[in-house]
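First the structure, in the form of C-alpha cells, and then the observations on it.
Remember, it's 1-based here, ligands and their atoms both numbered in the order they're listed.
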Amino acid sequence: MEQTLSIIKPDAVKKGVIGKIIDRFESNGLRIAAMKKISLSLQDAQQFYAIHRERPFFNDLVQFMISGPVVVMVLEGEGAVAKNRALMGATNPKEAEKGTIRADFADSIDANAVHGSDSLENARIEIDFFFAKREIC
Ligand code: GDP
C-alpha cells in the first residue's frame, strides 16, 4: 500500500469540480485517507514549491496557489503515486491524454487543476507538510 499527496488547485475548486475529481480517485481504487479544504499562505506556497524556486514561473505558480482555497488529500492504494499521476495527465493540459483529470478540467499549464506527488519519497515529505498523523486514517 502506498500513500500520495493530492491537491485540488484553486481553479478546480472555483469551478465546483471537487466532487468530480474525487470520483476519479475513488472509482480507480484510491481511498481518501485524509482530506481538508484550506487557504495556503504565501509562505506555505513558497515552501511547498521550494524546489521550483529558480524557475521563471515560480512567482506565477505561488500567486496562483494562494488565489483561492485548495483541497489537500492523502490518497491510499496499490501503486498510489503512479496511479494518481496517470489519472492526472500531463502537466500541460493541452498535452494531457483524453479522459485524464487535467484534460477534462484544466485550462492552462498554470491553472492545471491538480497536484500529485511525483515519487514515494516526495509523497512522504508532502504528506508531512500538510497533515498530522491523527488526521490520516
Ligand atoms: P507537475 O508535477 O505535473 O505538477 O509539474 P511540476 O512539478 O513540473 O511543476 C509544478 C507546477 O508548476 C505545475 O503543475 C504547473 O502548474 C507549474 N509549471 C510547471 N512547468 C511550468 C511552465 O513551464 N510554465 C508555467 N507557467 N508553469 C509551469
query: Crowded around Lys37 NZ? As in, over 12 foreign heavy atoms under 6.0 Å?
result: no
field: Distance under 6.0 Å and angle within 45° of ring axis: Lys83 vs Phe25
entry: no
message: Check Asp104 with Arg24, please: is the shortest side-chain N to carboxylate O separation under 4.0 Å?
response: yes
message: Looking at Arg55 and Asp60, is any side-chain nitrogen of the basic one under 4.0 Å from a carboxylate oxygen of the acidic one?
response: no
message: Strictly under 4.0 angstrom, heavy-atom based: which residues surround ligand 1?
response: Lys9, Tyr49, His52, Phe57, Leu61, Arg85, Thr91, Arg102, Ile109, Asp110, Asn112
- prompt: Is the backbone of Ala111 close enough, under 3.5 Å, to the side chain of Lys9 for a donor and an acceptor to pair up by distance?
  reply: no
- request: Report yes if the distance between the aromatic ring centroids of Tyr49 and Phe58 is under 6.0 Å, otherwise no.
  value: no
